[in-house]
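Encoded as structure tokens, the structure appears first; notes follow it.
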There are 2 protein chains.
Amino acid sequence: MPKISDSTIRRLSMYYRSLSEFETKGYKTISSEHLAKTEKLTPAQVRKDLSFFGSFGTRGLGYKTRELKERIGKILGLDHIWNVALIGLGNVGSALVSYKEFQKQGFLIKLLFDNDQRKINKKHKGILVSDVKDLVEKLKNNKIEIVIIAVPTQAAQEVADLVVSAGVKTILNFAPTRIKVPQDVVVRFVNMAMELEHLSFCLSNQDFSVAT
Amino acid sequence: MPKISDSTIRRLSMYYRSLSEFETKGYKTISSEHLAKTEKLTPAQVRKDLSFFGSFGTRGLGYKTRELKERIGKILGLDHIWNVALIGLGNVGSALVSYKEFQKQGFLIKLLFDNDQRKINKKHKGILVSDVKDLVEKLKNNKIEIVIIAVPTQAAQEVADLVVSAGVKTILNFAPTRIKVPQDVVVRFVNMAMELEHLSFCLSNQDFSVAT
DNA sequence: GTTTATTTGTGAATAATTTCACAATCAATC
DNA sequence: GATTGATTGTGAAATTATTCACAAATAAAC
Ligand SMILES: NC(=O)c1ccc[n+]([C@@H]2O[C@H](COP(=O)([O-])OP(=O)(O)OC[C@H]3O[C@@H](n4cnc5c(N)ncnc54)[C@H](O)[C@@H]3O)[C@@H](O)[C@H]2O)c1
Ligand SMILES: NC(=O)c1ccc[n+]([C@@H]2O[C@H](COP(=O)([O-])OP(=O)(O)OC[C@H]3O[C@@H](n4cnc5c(N)ncnc54)[C@H](O)[C@@H]3O)[C@@H](O)[C@H]2O)c1
């Protein structure tokens with residue numbers, strides 16, 4: 001079985017987003033060249049990425065926009081509803097709960113957890129906030145598949161341990177620390193400081209030609 | 001002049017964060033092996049990354065924790081204060097302004113902009129919110145070097161165009177769209193949907209062995 | 001229905017990145 | 001101050017990712 005690289009998965013997300021835009025704009029078909037240009041890639045890259053999963057195009061014509069979008073959506077698992085829980089209803093957590101787009105994409109935030117008594121048992125955007133001490137039980141009972149961790153850095157590892165013990169296999173971590181998990185658990189992280197540091201690197205090292 | 005890859009810059013950020021932790025824990029020195037293990041890399045990778053910028057270690061001993069941290073900090077431009085402006089004081093924008101860590105790292109949010117009259121001319125966390133129509137002028141006058149865009153997707157490009165016209169060379173974009181900028185402007189983006197999609201890909205394609 | 005113009009899908013070639021492997025170097029020990 | 005043990009720094013090798021280049025396939029034109 002082929003190994004799909006991180007970069008390819010990342011690009012599939014980009015194609016998906018571009019295709020959504022093209023669909024909205026009324027493009028019925030799109031070529032690898034056109035798709036490549038909007039994402040600053042080469043047409044060969046686009047075709048190679050897609051070729052790992054099958055052949056979706058028509059020679060001489062390109063790809064049918066809607067169809068390719070749906071195919072990629074399927075590859076990315078966006079043809080599902082995923083049950084998501086969010087832990088840590090602070091600044092970041094609240095922003096995420098308010099964000100409607102995730103739900104539209106099939107990421108359904110079903111459970112919220114915090115350890116602050118002032119937040120527990122109150123509703124937040126229509127969802128009851130649970131005590132983090134009931135975490136494992138509720139993750140299991142609600143068949144949660146993805147957990148978003150948005151607690152302070154020091155609490156991230158202990159929370160992650162609970163999440164893992166509940167059998168959850170995928171975690172999105174906003175705390176700027178690498179959490180340790182077993183091999184079969186996938187952790188992705190969003191690290192905004194890292195992106196800012198990338199920018200300050202570029203500002204500080206204009207003599208190095210930085211790849212973009 | 002050597003070209004430094006995105007991956008190397010990303011890892012430098014990771015090393016920096018690890019080194020800060022090791023410093024706090026009281027480690028005076030650290031080997032490439034130890035540093036590699038905490039970030040799930042190889043020692044050779046760590047040494048190669050550093051070698052682009054000089055030789056900072058002592059053979060037989062390793063690296064002095066504090067010294068290496070400061071060296072990497074310097075490479076990343078964290079020995080500066082950077083003047084930052086944030087546009088779009090919604091859910092994401094507010095979370096970012098509240099976050100003290102950025103300032104500690106030298107990213108100083110000096111200006112806030114919005115186009116909502118209810119937010120303009122009010123203070124938010126001690127910073128006056130300006131009207132986005134004064135954007136270009138104020139970015140110039142305050143020598144802003146980094147702009148964070150946290151406006152709705154449809155507004156991202158027009159805002160970016162203003163930012164570019166003010167001469168700002170680095171942008172951190174939270175809107176899930178690729179904004180077009182001249183060659184000499186660096187845009188990094190934080191795309192949370194992309195990370196969620198990566199997770200749902202992993203859940204949907206456990207037959208592909210995904211690189212982590 | 002034949003020709004022409006496109007554009008895909010993919011093996012081969014190239015480029016980039018990572019890992020290997022080891023000489024060079026230094027700290028610590030005796 | 002020689003010896004031992006550890007760890008760096010770095011060319012070379014191996015691996016991985018990207019791009020090239022072209023046959024195959026199809027739509028559109030005539
Ligand atoms: N705010 C930002 O812009 C920003 C930027 C980058 C990274 N981050 C990171 O994101 C994470 C969240 O940041 P934030 O600004 O929302 O913090 P916050 O303090 O506003 O919110 C954290 C929330 O987690 C809850 N919490 C604390 N310990 C808990 C536990 N053990 N179990 C359950 N809930 C717990 C708190 O009650 C609070 O509601 C942090 O790790 C932070 O470093 C935030
Ligand atoms: N909230 C999230 O969790 C989340 C997650 C992923 C991505 N995003 C993206 O981040 C961006 C911000 O999201 P949000 O949830 O904070 O949105 P929001 O609607 O809460 O905030 C947007 C802010 O931008 C202001 N604004 C609108 N047009 C403007 C303009 N032309 N100039 C200046 N200000 C303007 C609005 O007044 C508002 O204050 C969006 O692009 C969104 O897609 C948000």
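Source: prediction; values computed, not measured.
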Point to revise | Separation of atom CG in B:Leu35 from atom C1' in D:dT8, rounded to whole Å | key: 13 Å
Show the distances under 3.5 angstrom between N or O atoms of the protein and N or O atoms of nucleotides 5-8 of chain C.
unit_1, atom_1, unit_2, atom_2, d
C:dT6, O2, A:Gly60, N, 3.4
C:dT7, O4', A:Gly60, N, 3.0
C:dT7, O2, A:Gly60, N, 3.2
C:dT8, OP1, A:Ser32, N, 2.7
C:dT8, OP2, A:Ser32, OG, 2.7
C:dT8, O2, A:Arg59, NE, 3.3
C:dT8, O2, A:Arg59, NH1, 3.3

Check your understanding: Taking only residues at least two apart or on different chains, which pairs with a member in residues 137-149 of chain A satisfy side chain to side chain donor-acceptor pair (under 3.5 Å)?
Key -> A:Ser130-A:Lys138
Study note, to complete from the structure: To the nearest angstrom, the CG-P distance between B:Leu12 and C:dT17 comes to 14 Å
Review point. For the pair made of CD1 in A:Ile4 and P in D:dT16, what is the distance, rounded to whole Å?
Key: 14 Å
Check your understanding: For D:dG9, does either OP1 or OP2 sit under 4.0 Å from a side-chain N or O belonging to B:Ser51?
Key -> no
Exercise for review: Give me the ring orientation class for B:Trp82 and B:His80: parallel if the planes are under 30° apart, tilted from 30 to 60°, perpendicular past 60°.
Suggested key: parallel
Check your understanding: Could you state the CG-C1' distance from A:Leu50 to D:dT18, rounded to the nearest angstrom?
Key -> 15 Å
Practice item. In whole angstrom, give the distance that lies between atom CG of B:Asp49 and atom P of C:dT19. Key: 10 Å
Practice item. Determine, for A:Asp6 against A:Arg188, whether the closest basic-nitrogen to carboxylate-oxygen distance falls under 4.0 angstrom. Key: yes
Exercise for review: Nearest whole angstrom, please: distance from the C1' of C:dA16 to the CG of B:Asp6.
Suggested key: 13 Å
Revision key, fill the gap. The answer to which of A:Lys48 and B:Ser7 contacts DNA chain C further toward the 5' end, by nearest nucleotide, is A:Lys48
Exercise for review: To the nearest Å, give me how far apart NZ (B:Lys3) and C1' (D:dA17) are.
Suggested key: 12 Å
Review point. Are any of the side-chain nitrogens in A:Arg66 or A:Glu70 under 4.0 Å away from the carboxylate oxygens of its partner?
Key: yes
Practice item. Find the distance A:Lys64:NZ to D:dA27:P and express it as a whole number of Å. Key: 9 Å
Review point. Any Lys/Arg nitrogen of B:Glu23 or B:Lys69 sitting under 4.0 Å from an Asp/Glu carboxylate oxygen of the other?
Key: yes
Practice item. Determine the sole option in A:Gln105, A:Gln103, A:Lys104 for which the side chain to side chain donor-acceptor pair (under 3.5 Å) test with A:Glu101 is passed. Key: A:Lys104
